[in-house]
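Please read the structure below before turning to the comments.
Below, chain A is the first sequence line, B the second, and so on; all start at residue 1. Computed from heavy atoms alone, side chains included, the values below leave out hydrogens, waters and symmetry copies.
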Amino acid sequence: MKRVWIWLSVLAMVLASALAMAQAGKKITVVMIPKLVGIDYFNATQKGAEEAAKELGNVTLRYVGPTEASAAKQIELIENAIQAKVDVISVAANDPKALAPALQKARDAGIKVVTWDADADSRDVFCNQATFTGIGEALLDSMVDQIGKNGPAAIITSDLTAPNQNSWIAAMKAKIAKEYPNFKIVDTKAPGEDQQKAFQAAQDLMKAYPDLKGIFALSSVAFPGAADAVKQAGKSGKVAVVGLSTPKQMAPFVKDGTVRDVVLWNPIDLGYLSIYAARAAVDGTLKEGAKIKAGRLGEFTVTKDNISLQILLGKPFIFNKSNIDKFNF
Amino acid sequence: MSLKSRPRTLNIPWSELVLVLGLVIAVLYMNSLSPAFLSLSNFFEITRIVTEVGLMALGMTLVIITGGIDLSVGSVLGLSGITMGFLYTAGLNIWLAALLGVATGALCGWINGQLITRAGIPPLIVTLATLAIFRGLALGISQAHSFGNYPKAFLALGAGYLGPVPNQLFLLVLLALGVGVVLARSTFGRFVYAIGNNPTAARFSGVPVNRVLVWVYTLSGLLAGLAGVIFTARVSSARSDAGIGTELDAITAVVLGGASIAGGSGSVVGTLLGLLLVGVVRNGLTLAFIPAEQQAIIIGAILLVAVLLNQVIRLRLGRN
């Protein structure tokens, strides 16, 4: 009689562990919804996501998005995904507030919600591509590396009220105060989101400060505008231009030597990380302070934020002559 | 043709029969594509998502029967939502703000009607212009912000359920009944068909053409305004880009429903069937994870096939 009990308990243990393993490794379906489909940036995130899904082998990836950046279309996709009873909804939100009720509904139905690129107010984890401090410091490091610790440099931002730009500038200034006290920022111009005006601003700066060595161009239109002004003034290599923009747009300036570094993040890696985060969310390994493995990108620490959990992709990615041709966005 | 008999009574059941058949085929096919398709909750989800376009399509049915078109309804949806959101954020009572949002829609429609009847500009051009103007106003008022933080009771309009039935479905059914009865049974409805069949003849038979047209466009605007309020409640924020392109979805439903773009024919039942067909196909394809680009092609093809079938049937019947 005793024997039977022992065998039964062994059997129960085997069954229990098999069940747990089945949960952790079970095949899951991830619906990934970009802001819109058909543009190079989100094609790049799709490429990374497909790579990760293939590596994991137990993730079925469905990459579907609206043809225009519309929150309403994303809500429709989310609501359909709830009906389809998928395991994870992964979304780059067109509107953090508008998507929240639909995402909450998904979570109430037991679906894990991952956000990436653009956050929403309800989710299990956000894959953050870059912090303001990270971007600001990367910009400054690149500039100091090119023109030295004393500057002088000027800033071309978008508008003086632009929140992202102001956070980057604050991060740059904090690092200057701490590490490069002699680095001079002589002027800040705010031509708005206008390439032609940014071009003009760069010309004015070079005239007003003949000894200017560097220009920070902090928007995706200010960067090519400023680079073009420097190039046309024949000052390529004499005035360094550092900024944020997409590699395809900046490639000509990188190739002719006007620009050395383009600071951004790598959207392929962002898509890749989001799939590993989705897997971890289902497996239940996503907890504050936990480390999750993400294939070729290595290990990431999960942190807590004011909504739920967050994973940071890492330091910004620098596009330069050696890699810029590999990126088609 | 006398005014009392409903024009082309014979054709309408035919086109609706084709639609019902199409709907059955679509349901069977979508069921084979995705196991999640055939369920009551999914069916109600479809009706929830199509309600806003459905409201606009009701107004559009009248407009198209008169031989006109209203391209501005998508922009009216956006402007009404923004007006409501703006007023609520400024401190107005939510229900009063919603009422004024709907009234804004009606005013937009009234302006369309006045321009069409008094200035004599074709509806296509008037509403193409107001499509741009109303959207511009919405963008201007919102200053690229979205208005949110509505009370729960209001959000229930777009996100609440009575049992398994989404609240806004009651509204759609009620209004469809209302518009359907007016169109099929009232003098006003007969006037609408008469104008579409032959505006000159209608005028000489004593139909107050201009007055009827202004009412039709005002109603179209009002329903689009209501759609704007429902949309805001469903997504819980009013955005100036809400409803972009939805005028085409509404026109698709009406034309699928057997209405002739030349005027004179069309029915509320047909429009609802057309609406449901597009909703079912889009939902099924999405559940099967067919990308949006391919969905657009499939829905376009269905529209062409349906209109062609109607054409063939109409010709056959005409010959007999």
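Side-chain atoms of A/Q74 come within 3.5 Å of backbone N or O of A/A92 as a donor-acceptor pair. At least one donor-acceptor pair closer than 3.5 Å links the side chain of B/S34 to the backbone N or O of B/A36. With hydrogens and angles ignored, the 3.5 Å screen pairs no side-chain donor or acceptor of B/S240 with any backbone N or O of B/S142.
Contact annotation for B/F37: neither backbone nor side-chain heavy atoms come within less than 4.5 Å of a heavy atom of chain A. Contacts between B/N42 and chain A at a heavy-atom distance below 4.5 Å involve backbone atoms as well as side-chain atoms. Heavy atoms closer than 4.5 Å to chain A are found in the side chain of B/S236, but not in its backbone.
Considering only heavy-atom pairs separated by less than 4.5 Å from chain A, the leading option among B/N149, B/N283, B/I46, B/I290 is B/N283. Residue with the most contacts toward chain B among A/D95, A/V64, A/L77: A/D95 (heavy-atom pairs, distance under 4.5 Å). When A/I82, A/N80, A/I75, A/V86 are compared by the number of non-hydrogen pairs under 4.5 Å with chain B, A/N80 comes out ahead. Heavy-atom pairs under 4.5 Å with chain B were tallied for A/K73, A/E76, A/E68; the largest tally goes to A/E76.
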Set out, in order, the CA-CA distance, both residues' side-chain angles and the distance that settles salt bridge (Lys or Arg N to Asp or Glu O under 4.0 Å) for A/K112 and A/D87, then state yes or no. CA-CA 6 Å; A/K112 299 288 177 195; A/D87 300 283; over 6 Å; no
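In this structure, B/M56 and B/G74 approach most closely via the heavy-atom pair SD-N, 4.3 Å.
Screening A/K47, A/E55, A/E51, A/E50 against A/Y272 for a side chain to side chain donor-acceptor pair (under 3.5 Å) leaves a single residue, A/E55.
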